[in-house]
Amino acid sequence: MVRWFASSNRDNWEIIRKKNIWGIPKRNKSIIERVKPGDSILIYVAQKKEGDIILPSAVVGAFEIVSEGYEDMKPIFITPESMGNEVFPNRVKLRPIKLFKEPVEFKPLIPKLEFIKNKTMWTGHIRVAMREIPEKDYQLILETGK
């Protein structure tokens, strides 16, 4: 079983939560081909400013992957402007393990996470659609969430 860390935005988090589907860009097909049912995935959302409030970067939920990777061109995700007409067609179906009532703020976890090698330039470690993380990191994040 592999533990995955997936980067998203808050708009797509709502779609993931409601539809129990994770999708990544067409260019990342080789990643989704490595994903197997029984693997787990943590969903991370980037910091976002809403009016005068800054919502911190956070992990919002954990899911079990319950399907093999598949391609679906039906647009269900919100595409950031910088990504053109991307529909995130490489997908897997999910089952919730734990949806955090309070998102787990990410920055305080950075010193403790093994997969974040550069603690000051940490965003480079999470810019990819998804990546494998150590079991220890997965458990730390899962146990921190309420």
Practice problem: Find the distance between CD1 (I16) and CD1 (I21) and round it off to the nearest 0.5 Å. | Solution: 10.0 Å
Quiz prompt | Any side-chain heavy-atom pair of L55 and E50 under 4.5 Å | solution = yes
Quiz item: Is the closest basic N to carboxylate O distance between E132 and R34 below 4.0 Å?
Solution: yes
Practice problem: Kindly compute the distance separating CD1 (I32) from CD1 (I24), expressed to the nearest 0.5 Å. | Solution: 4.0 Å
Quiz item: So, do L94 and K19 sit near enough that their side-chain heavy atoms are less than 4.5 Å apart?
Solution: no
Practice problem: Check W22 against A6 and note the closest heavy-atom contact, atom names and distance. | Solution: CZ2-CB, 3.3 Å
Self-check item: Side-chain heavy atoms of I15 within contact of K18, under 4.5 Å
Solution: no
Exercise. Report the C-alpha separation of S7 and R127 in whole Å, then their side-chain angles, then the decisive distance to 0.1 Å, and conclude whether the side-chain contact (heavy atoms from CB on, under 4.5 Å) test is met.
Key: CA-CA 7 Å; S7 296; R127 282 204 180 113; over 6 Å; no
Quiz prompt | Heavy-atom side-chain proximity of F106 to P56 below 4.5 angstrom | solution = no
Quiz item: Cation-pi between K93 and Y70: NZ/CZ under 6.0 Å from ring centre and within 45° of the ring axis?
Solution: yes
Quiz item: Taking the side chain as C-beta and beyond, is there a heavy-atom pair between P75 and F88 under 4.5 Å?
Solution: no
Practice problem: State whether the side chain of K119 and the backbone N or O of I110 hold a donor-acceptor pair below 3.5 Å, judged by distance alone. | Solution: yes
Practice problem: Evaluate side-chain contact (heavy atoms from CB on, under 4.5 Å) for W122 paired with K117, printing each intermediate quantity in order. | Solution: CA-CA 7 Å; W122 59 271; K117 303 294 184 206; over 6 Å; no
Quiz item: Ignoring hydrogens and geometry, is there a side-chain-to-backbone donor-acceptor pair from R131 to I126 under 3.5 Å?
Solution: no
Quiz item: Which pair of heavy atoms, one from P25 and one from A129, lies closest together, and at what distance?
Solution: CD-CB, 4.0 Å
Quiz item: Mind checking whether L140 and F63 sit in one hydrophobic cluster, side chains of I, L, V, M, F, W, Y counted as touching below 4.5 Å?
Solution: no
Quiz item: Would M130 end up clustered with V92 when hydrophobic side chains under 4.5 Å apart are linked, directly or stepwise?
Solution: yes
Quiz item: Do I41 and I65 have side chains that get closer than 4.5 Å, going by heavy atoms?
Solution: yes
Quiz prompt | Partners passing salt bridge (charged side-chain N to carboxylate O under 4.0 Å, His left out) against R95 (at least two apart in sequence or in another chain) | solution = E64
Only distances under 3.5 Å count here; give the side-chain donor-acceptor pairs of residues 96-105 to other protein atoms, sequence neighbours excluded, each with its distance to 0.1 Å.
residue : atom : partner : partner atom : Å
K98     : NZ   : L142    : O            : 3.0
K98     : NZ   : G145    : O            : 2.9

Practice problem: For a side chain to side chain contact (heavy atoms under 4.5 Å, CB included) with F5, tell me which candidate from I141, I43, L113 qualifies. | Solution: I141
Quiz item: Would I78 and I76 show up in the same hydrophobic cluster when neighbours are defined by side-chain heavy atoms closer than 4.5 Å?
Solution: yes
Self-check item: Results of salt bridge (charged side-chain N to carboxylate O under 4.0 Å, His left out) for E71 - residues two or more places apart only
Solution: none
Quiz item: After noting the C-alpha distance and the side-chain angles of W4 and I31, does the key distance pass the side-chain contact (heavy atoms from CB on, under 4.5 Å) rule?
Solution: CA-CA 10 Å; W4 298 93; I31 296 172; 4.1 Å; yes
Practice problem: Look at the side chain of D137 and the backbone N and O of F115, then say whether any donor-acceptor pair between them is shorter than 3.5 Å. | Solution: yes
Exercise. Identify the heavy atoms of G23 and F77 that sit nearest to each other, and give their distance.
Key: N-CZ, 3.6 Å
Quiz item: Quick one: NZ on K48 to CZ on R10, what's the gap to the nearest 0.5 Å?
Solution: 7.5 Å
Quiz item: Which atom names give the shortest non-hydrogen contact between P111 and P108, and what distance separates them?
Solution: CD-O, 3.5 Å
Quiz prompt | Y138 side chain reached by S40 side chain, heavy atoms, under 4.5 Å | solution = yes
Self-check item: Worked verdict on M1 versus K36 for side-chain contact (heavy atoms from CB on, under 4.5 Å)
Solution: CA-CA 8 Å; M1 171 182 5; K36 302 289 178 228; over 6 Å; no
Quiz prompt | Side-chain donor-acceptor pair present, S30, N28, cut-off under 3.5 Å | solution = no
Exercise. Measure the CD1-NZ distance between I116 and K107 for me, rounded to the nearest 0.5 Å.
Key: 12.5 Å
Practice problem: Could you pull out the closest heavy-atom pair between V2 and D39, with the gap in Å? | Solution: N-OD1, 3.0 Å
Practice problem: Taking all heavy atoms of N9 and all of P80, pick out the closest pair and write down the distance. | Solution: ND2-CG, 4.0 Å
Self-check item: Validation row: V87, K74 side chains within 4.5 angstrom (heavy atoms)
Solution: no
Quiz item: Does K26 pair with E86 as a salt bridge, N-O distance under 4.0 Å?
Solution: no
Quiz item: Mind checking whether L109 and V128 sit in one hydrophobic cluster, side chains of I, L, V, M, F, W, Y counted as touching below 4.5 Å?
Solution: no
